[in-house]
There are 2 protein chains.
Amino acid sequence: MPRPMTRIQIRNSETILEAALDVFSAHGFRGATLDQIAEVAGLSKPNLLYYFPSKEAIHRTLLTRLLSTWLDPLRDMDAAGDPVAEVMGYMRRKLELSRDYPRESRLFAIEILQGAPRMREAIEGELTALVAEKAKVLQHWMDEGRIARLDPVHLVFSIWALTQHYADFDVQVRAVLGSGHDPYAEAGAFLETLYARLLAP
Amino acid sequence: MPRPMTRIQIRNSETILEAALDVFSAHGFRGATLDQIAEVAGLSKPNLLYYFPSKEAIHRTLLTRLLSTWLDPLRDMDAAGDPVAEVMGYMRRKLELSRDYPRESRLFAIEILQGAPRMREAIEGELTALVAEKAKVLQHWMDEGRIARLDPVHLVFSIWALTQHYADFDVQVRAVLGSGHDPYAEAGAFLETLYARLLAP
DNA sequence: GCAAGATCTGACCATTTGGTCAAAACCCCT
DNA sequence: AGGGGTTTTGACCAAATGGTCAGATCTTGC
């Protein structure tokens with residue numbers, strides 16, 4: 001019987017999740033402290049725990065919200081569209097996600113890196129099922145000779161790896177590029193070329 | 001005046017670093033505890049601190065050792081060799097590093113993800129310099145028309161991203177592939193194709 | 001066999017941290 | 001204005017954690 005949230009509840013829950021995203025994505029679950037999150041959120045620690053039952057619950061809420069955002073672009077890959085354009089579009093949207101939501105990307109990366117202790121079922125269920133479905137679409141396109149024949153799952157991995165790299169390894173990317181660069185603009189051009197050559201039948 | 005290490009010192013230092021690699025790569029710096037490391041090493045906590053002055057020192061030692069191993073394959077890319085073979089060889093060696101030293105890969109990834117708090121200078125110095133040097137070599141090959149014209153730094157990024165993905169996101173890779181797969185063998189074949197098409201002049 | 005040094009440990013400490021609770025402050029409706 | 005529910009907080013805990021230290025135990029060169 002979930003009674004409706006008051007305006008204050010909505011506002012504060014959001015504030016807390018926003019602050020928690022900041023802190024968790026920068027320090028990992030164990031490295032983040034409730035005091036830090038409270039500080040960033042501008043609330044007292046007991047007040048956080050009035051809105052969420054535990055540190056773990058805050059983290060879990062963030063991950064759950066994240067997953068659907070993360071998978072949406074892949075879901076949008078349309079079996080009825082033009083194959084090369086669809087794959088390119090997916091890559092583009094994923095790169096934009098890295099650019100616009102780097103904290104989310106890092107939160108996800110840290111979770112997977114540490115063995116996905118709080119996301120195992122989601123990874124093994126929802127994500128795996130979606131990839132399997134889209135791999136079938138890609139395979140179909142390959143069988144029709146509309147894109148080059150490749151391992152479709154590893155093709156998806158390559159898009160994940162190449163786009164998330166720019167969010168997750170941001171510090172390294174910027175250090176190596178030096179100043180006066182727009183990493184995401186350059187990455188967009190590079191990846192466009194890469195997939196154009198890779199996918200050409 | 002660093003007096004030579006006794007046999008026991010060498011053995012125990014190694015044991016500790018090995019255990020610490022296990023624990024740090026699985027839980028991050030903050031998430032790892034000295035008790036855990038001591039447990040894995042089969043030593044008492046005060047004994048760890050007899051060999052290393054602090055938790056931080058253990059971590060720092062691991063990172064320092066790691067960096068040179070990590071950069072060696074890139075260093076080996078030979079300006080005098082055959083361009084395509086050299087880039088392919090680098091990719092191969094980097095993939096083997098992911099396969100054979102996944103803990104090291106994850107340790108490094110976690111450090112960069114969190115903003116490289118203990119590796120900043122190494123990233124900005126040694127790594128950046130090496131990439132700049134090798135980018136020049138790649139550029140030269142492109143100017144000679146021996147490999148396709150691409151942004152050389154982003155080409156290096158792509159190798160990092162695509163190879164490290166298999167170590168860092170191992171859980172996800174295995175979940176999505178399901179059983180009965182050899183991720184690294186498949187990745188090797190996929191990446192061979194990818195770079196063959198990308199680099200062809 | 002024995003001293004001198006190296007190695008190891010139990011007991012301990014201060015701090016940090018996730019979480020609790022009773023009471024205070026606040027908000028909103030009539 | 002006032003009362004009932006909502007929100008907020010200071011004070012407090014217990015457990016975990018990095019680190020210390022005095023002394024016990026083991027090695028090693030002679």
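Order of the sequence lines fixes the chain letters, A, B, ..., with proteins taken first and strands second; residue numbering starts at 1 for each chain.
Put simply, Arg11(B) has no side-chain N or O that comes within less than 4.0 Å of OP1 or OP2 on dT27(D). Residue Asn47(A) places no side-chain N or O under 4.0 Å from the OP1 or OP2 atom of dG10(D). For the OP1/OP2 pair of dA6(C) and a distance below 4.0 Å, the side-chain nitrogens and oxygens of Asn12(B) include no atom meeting the criterion.
A donor-acceptor contact shorter than 3.5 Å is absent between the side chain of Tyr90(B) and the backbone of Val156(B). Side-chain atoms of Thr193(B) come within 3.5 Å of backbone N or O of Ala189(B) as a donor-acceptor pair. With Thr128(B) contributing its side chain and Gly125(B) its backbone, the two residues share no donor-acceptor pair below 3.5 Å.
Atom OH in Tyr50(A) sits about 5 Å away from atom C1' in dT7(D), given to the nearest Å. One can place CD of Glu56(B) at 18 Å from P of dT17(D), the figure rounded to the nearest angstrom. If you take CD1 of Ile16(A) and C1' of dT7(D), they are 11 Å apart, rounded to a whole angstrom. Distance CZ (Arg30(B)) to C1' (dG18(D)): 11 Å, rounded to an integer number of Å. Going from atom NZ of Lys55(A) over to atom C1' of dG19(C) covers 12 Å, rounded to whole Å. Rounding to whole angstrom units, CG of residue Leu34(B) and C1' of dA15(D) are separated by 17 Å. The distance between atom CZ of Phe29(B) and atom P of dT17(D), rounded to the nearest whole Å, is 13 Å. Rounded to a whole Å, the CD atom of Gln9(B) is 19 Å from the P atom of dC26(D).
Residues from residues 35-45 of chain A lying near DNA chain D, meaning a heavy-atom separation below 4.0 Å, are Ser44(A) in numerical order.
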- request: Take Ser158(A) and Tyr195(A), measure what side-chain hydrogen bond (donor to acceptor under 3.5 Å, both in side chains) needs, and give me the verdict at the end.
  value: CA-CA 10 Å; Ser158(A) 77; Tyr195(A) 283 104; 2.7 Å; yes

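Position along DNA chain C of the nearest nucleotide to Pro46(A) versus Gly31(A) favours Gly31(A) as the more 5'-ward residue.
Residue Tyr51(B) is in sugar-phosphate contact alone, with no base atom involved, counting any heavy-atom pair closer than 4.0 Å across all strands shown.
Among the nucleotides dT20(C), dT17(D), dG19(D), the one closest to any side-chain atom of Leu49(A) is dT20(C).
Relative ring orientation between His154(A) and Phe157(A) is described as perpendicular, the plane-to-plane angle rising above 60° on a 0-90° scale split at 30° and 60°.
One finds no salt bridge joining Arg65(B) and Glu104(B) here, because no Lys/Arg side-chain nitrogen approaches an Asp/Glu carboxylate oxygen to under 4.0 Å.
Atom CZ in Arg30(A) sits 11.0 Å away from atom CZ in Phe29(B) (nearest 0.5 Å).
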